[in-house]
Amino acid sequence: MNKIKLIIWREFITRVRKPSFLIMTILGPVLIAGGLLLTAYIGSQETTTHQVLVIDTEGVIGTPLKNTESVKFFLDGHDWTDSAFKASPYTVRVNLLPNVLMVPQADLYYKTLPSEFGMSTIRNELEKAIELAKLRDEGIQKEAYDRVRKPLDLKKFDIDEVGTESFAQERALIGFFFGYFMFIFIFMYGVQVMRGVMEEKQNRIVEVLISSVKPFQLMMGKIIGIACVGLIQFILWIVITTTMVGIGTAVLAADKFDPKQLAEQGVTADMQEQLKAAQGADVGFDQSRITDLIEQINIPLVLGVFLFYFICGYLLYSSLLAAIGSAVDSETDTQQFMFPITVPMIVAIIIAQMAVYNPESPAVIWCSMIPLTSPIVMMVRVAMGSAPLWQLALSMFLLILTFIGTTWLAGKIYRTGILMYGKKVGWKEMGKWLFYKG
Amino acid sequence: MIQLEGIHKRFGDHTALDDITMDVPTGRVFGLLGPNGAGKTTLIRIITRITGPDEGRILMDGRPMVAADVATMGYLPEERGLYKKMKVGEQSVYLARLKGLSKTDATMRLKEWFERWDMGDWWNKKVEELSKGMAQKVQFITTVIHEPRLLILDEPFSGFDPINAELVRDEILRQRDLGVTVMLSTHGMASVEELCDEIGLIDRSKLMLNGNVREIRRRYATNTYRIEFKGTRIALANALSFTGELLDTDESSEVSTARVRLGTGSKLNDVLRQLLPVVEVLGVHEEIPRMHDIFIRVVSEKQPETVTAGLTE
């Protein structure tokens, strides 16, 4: 037992001390958070002010259009030729098509394409103007219309979970995120286990080691040691990413969407709503619903299940990968063995995606039971709460059984493989090793 | 120290060891010989419990060997290496601790060894910076660091230059003098004669020869003597008549040398009695075959047998 601890420690410390670990630990979150922030930033950032010329030959628009920081509107009742537009200082021209009140259509010509945010500002402003024109024609008071036009707030409730609104879909997405992360982790660190085994074999140190420890101890020490590296890296990533995203969004938000600041700029609450909409946030999805969603996720259960599937799934795959690493002499020989291992993982990801939208499909239920795919698929089902307890228990039981089985088999292959040099090994040969006597 | 009783080992259809029974006596250097692929490494792996025999048992100090006995062994495998990216000192301490030493013990003993073998400044170097011979020295030290009672060395001299090979040879003898039993496998027959008290020769999975080196060499002696003399070859040949057969002579220098194999029933004295009147005998040495010759004789002897076996099938 002491020896296995030593092995775990060596596997852990040599990896953590590597410069690449530090780089990956910092670079990973920087890339993730940077990617997230960059897309948000690019989407929101408007560098140029658009001079929008609105051609309204039918005189539909009665009230002046509201200008914003980045979009300035100019109304004109006359048609403009393209060449005149090109020569003008306007950057965007919108032609309201004839009969725009009946068929709401307009063409937008641009010199520089406005950002998604700018586009939606233009669209919203024109829509509102057309709406007002229609109300005027129909003789409806604006206030009356506002009272009438209220979107239907359709809430879902799970009959078994009385009281709160159900966010199964949103929860499933969170489950999928966990599952996807698990997939990446298992693969990344499983391959590290394989590489480590191959390194020991290529270095010829392995026989020196197994003269003092049992091959199984060596294999498990490596698997556990690398798992610790992964967990540490995972925790650091989460801490660093959330901090960075937190700081980043705070900076961005203060910069752009501070309601006070917007109000000072003469932006109405109505506009703010639209600004939020332009940011991709569901208008009806306010703060309290997010907290509801978070409250609804059984966090201890999801985290517990995550840890369980994560560890067991990792043990399952990494023991198989360790066996492969032991059987081959070089990286290139791993291909034929890697393929059958990657296929179930990819299938699992596809099925997990399916589970988000169709949690009760038979394929999803089966794959959440079959051990090679269950970690990822079951994660989604548990997060959305669609897995009955007995199914979860059965899936866990099968997974434990399988990983004990594969670790045992992998141990047998490993034991023979690490001492086998210069032989191209196939499936048949590996099968034979299972029956060699220790 | 170690007794092997009827060890069999098969890998699928291939028989790696066929009924090996032999003794490795305590406090001696035992040479495990045999051509490549004969089964030496498999036998060593069975003794070190890396793999188990299909049949037979191993006794250690007269009782069946148990897993804990491995801690009293030091094993230097033929395929050996170190983690390239780790530092020499750290790695040596790690290997020593895997053998059951405490961290402080391991560090202390290793420092001593590094001092003695003049490698004190290697401690903080990475293994990849060492030459092959340097790495071999580190490996040898980590094999003996826990003061094993049984030292098993598979090709201990490969990768060493003559100076370091000498160092290792002296160390092996020193270990023997400390009472350690050494079992070594080697292809260098000269070092067998020099180092080994006992040998076991394995060929094609079977134990062909086992016992004391001197006795074995005696057993293979062909009753041939080298006689240094002054006189003519013809006189000598005539004088030998029926007592012996003249194999060859060398008359290039002032003193001639003749190799004489005694005839059946003849004694050296009979030959000398015939020779003394005709030539001046300056010296007589018995020719004891070298291990090299014995090895080749034993290994090639079997060849025809297998060929016939193949034909009759």
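The chains referred to below are lettered A, B, ... by the order of the sequence lines, with proteins before strands, and numbering in each begins at 1. Any value given below was found using the heavy atoms of this structure, including those in side chains, with hydrogens, waters and symmetry copies removed.
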Query raised in the report: Is atom CG of B:Asp121 surrounded by more than 12 heavy atoms (other residues, nucleotides or ligands) closer than 6.0 Å?
Result: yes
Requested in this report: For A:Lys214, look at atom NZ and say whether over 12 heavy atoms of other residues, nucleotides or ligands are found less than 6.0 Å away.
Outcome: no
Quick one: side chains of residues 84-109 of chain B, donor-acceptor pairs under 3.5 Å with protein atoms, not counting sequence neighbours, listed by atom name and distance.
{"residue": "B:Lys84", "atom": "NZ", "partner": "A:Asn203", "partner atom": "OD1", "Å": "3.1"}
{"residue": "B:Lys85", "atom": "NZ", "partner": "B:Glu128", "partner atom": "OE1", "Å": "3.4"}
{"residue": "B:Glu90", "atom": "OE2", "partner": "A:Arg17", "partner atom": "NH1", "Å": "3.1"}
{"residue": "B:Glu90", "atom": "OE2", "partner": "A:Arg17", "partner atom": "NH2", "Å": "2.8"}
{"residue": "B:Gln91", "atom": "OE1", "partner": "B:Tyr83", "partner atom": "N", "Å": "2.6"}
{"residue": "B:Gln91", "atom": "NE2", "partner": "B:Tyr83", "partner atom": "O", "Å": "3.0"}
{"residue": "B:Ser92", "atom": "OG", "partner": "B:Val88", "partner atom": "O", "Å": "2.7"}
{"residue": "B:Lys99", "atom": "NZ", "partner": "B:Thr142", "partner atom": "O", "Å": "3.0"}
{"residue": "B:Ser102", "atom": "OG", "partner": "B:Thr104", "partner atom": "OG1", "Å": "3.4"}
{"residue": "B:Ser102", "atom": "OG", "partner": "B:Asp105", "partner atom": "N", "Å": "3.2"}
{"residue": "B:Thr107", "atom": "OG1", "partner": "B:Lys103", "partner atom": "O", "Å": "2.6"}
{"residue": "B:Arg109", "atom": "NH1", "partner": "B:Ile145", "partner atom": "O", "Å": "2.9"}

Query raised in the report: Counting heavy atoms not belonging to A:Arg195, are there more than 12 under 6.0 Å from its CZ?
Result: no
Query raised in the report: In terms of heavy-atom proximity below 4.5 Å to chain A, should B:Arg45 be classed as side chain, backbone, both, or neither?
Result: side chain
Query - Under 4.5 Å from any heavy atom of chain B - which part of A:Gln202 - result: neither
Report summary line: Distance col, row B:Leu82:CG vs A:Glu200:CD, nearest 0.5 angstrom, shows 12.0 Å
Requested in this report: Find out whether B:Pro77 and A:Val208 are in side-chain contact, i.e. whether some heavy atom of one side chain is under 4.5 Å from a heavy atom of the other.
Outcome: yes
Query raised in the report: Should the heavy atoms of other residues, nucleotides or ligands under 6.0 Å from CZ of A:Phe21 be counted, would the total exceed 12?
Result: yes
Query - All pairs passing side chain to side chain donor-acceptor pair (under 3.5 Å) where residues 181-192 of chain A contributes a residue, at least two apart - result: A:Arg15-A:Gln192, A:Tyr189-A:Gln233
Requested in this report: Identify which of A:Leu419, A:Val213, A:Ile210, A:Ile7 forms the greatest number of heavy-atom pairs closer than 4.5 Å to chain B.
Outcome: A:Leu419
**Report entry** Interface moiety of A:Thr14 toward chain B, non-hydrogen atoms closer than 4.5 Å
**Finding:** side chain
Query raised in the report: Between CD of A:Glu207 and CD1 of B:Ile44, what distance do you get to the nearest 0.5 Å?
Result: 9.0 Å
